[in-house]
Amino acid sequence: AVVSTQSTGVYRLVASQGQWHDISSEMLMAETKDVAGALTERLGDQGTFFRDRDTGQDLVTELDCLVYGHLNAIFMTKLPSYRMKRALGLHSRLIEYCKYVESKHGLRAQRERS
C-alpha cells in the first residue's frame, strides 16, 4: 500500500512484515516503471502469465487476478496526479492485458482517459 503525504512529496510504502518506508515521488515512479517493464516483458505476446502445457491455452491464475486488480484500480481511479497512470500507460501491453482479461471473463471496465 502507498500512502501519499502530498504536501511534502513523500510517500509511505508498506513493505514486508508491516514496516513502512518513506520514499520520494521520483522513487515511487521509478519503481512503477520498473515493475511495469518487468510485467510487460514477462507477458510477452501471451494473453496471460501462464499457459496450459498440454493445450497451449491461456490460464488465468491467482497472479493474473492480482495483477489485473491492481492495474485496473490504477487505470480506473481518479488520481490527484496522472504520473503513475502515464507511466503504466506507456506500456500499452498492460492495457491490452487488462482488456484481454476483461473480454475472456465477461468483465466490463470503463477506463478513464488520461
Side-chain angles (χ1 to χ4, degrees):
V2 176
V3 178
S4 169
T5 54
Q6 291 253 311
S7 60
T8 62
V10 173
Y11 292 81
R12 305 267 306 154
L13 178 68
V14 67
S16 62
Q17 301 163 347
Q19 295 179 358
W20 290 86
H21 302 280
D22 292 340
I23 61 171
S24 67
S25 60
E26 289 78 23
M27 188 179 218
L28 178 62
M29 292 313 304
E31 288 290 322
T32 300
K33 289 175 184 177
D34 288 348
V35 168
L39 290 172
T40 298
E41 184 177 325
R42 175 62 183 89
L43 271 171
D45 62 353
Q46 296 180 170
T48 56
F49 287 98
F50 296 98
R51 289 191 174 163
D52 185 288
R53 289 184 184 162
D54 297 328
T55 66
Q57 296 287 334
D58 292 327
L59 293 175
V60 176
T61 64
E62 291 86 357
L63 176 62
D64 291 291
C65 295
L66 182 69
V67 170
Y68 171 81
H70 279 77
L71 290 174
N72 199 45
I74 292 168
F75 287 136
M76 298 207 32
T77 302
K78 289 183 181 182
L79 301 172
S81 167
Y82 284 100
R83 289 180 66 198
M84 186 176 292
K85 242 182 240 195
R86 267 189 247 129
L88 292 172
L90 292 175
H91 294 271
S92 60
R93 180 66 187 95
L94 297 180
I95 295 171
E96 292 170 13
Y97 167 75
C98 286
K99 290 178 181 178
Y100 178 80
V101 171
E102 290 162 4
S103 71
K104 288 292 270 188
H105 299 285
L107 303 172
R108 294 185 63 196
Q110 183 177 359
R111 304 219 183 288
E112 276 192 338
R113 294 179 190 253
S114 41

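Not a single side-chain hydrogen bond (donor to acceptor under 3.5 Å, both in side chains) links Thr48 to another residue, sequence neighbours left out.
In this structure the side chain of Tyr97 never reaches within 4.5 angstrom of the side chain of Leu39, judged on heavy atoms. Counting heavy atoms from C-beta outward, Glu96 and Leu43 have side chains that stay 4.5 Å or more apart.
The cluster map of Ile, Leu, Val, Met, Phe, Trp and Tyr, joined by side-chain heavy atoms under 4.5 Å apart, puts Val35 and Leu94 in the same cluster. Under the 4.5 Å side-chain heavy-atom criterion for grouping Ile, Leu, Val, Met, Phe, Trp and Tyr, Val67 is not connected to Val60 through any hydrophobic cluster. Note on Tyr100: it does not cluster hydrophobically with Met76, by side-chain heavy-atom contacts below 4.5 Å among ILVMFWY residues.
Atom CZ of Arg93 is separated from atom CD1 of Ile95 by 11.0 Å, given to the nearest 0.5 angstrom. Asp58 contributes atom CG, which lies 8.5 Å from atom CG of Asp64 (distance to the nearest 0.5 angstrom). Expressed to the nearest 0.5 Å, how far CE of Met29 lies from CG of Asp34 amounts to 11.0 Å. How far CG of Leu59 is from CZ of Arg53: 10.5 Å, rounded to the nearest 0.5 Å.
Taking the six-membered ring for Trp and the full ring otherwise, Tyr68 and Phe49 have centroids separated by 6.0 Å or more.
Cys98 approaches Asn72 most closely through the heavy-atom pair SG-N, 4.4 Å. Across all their heavy atoms, Asp45 and Arg51 have their closest contact at O-NH2, 4.1 Å.
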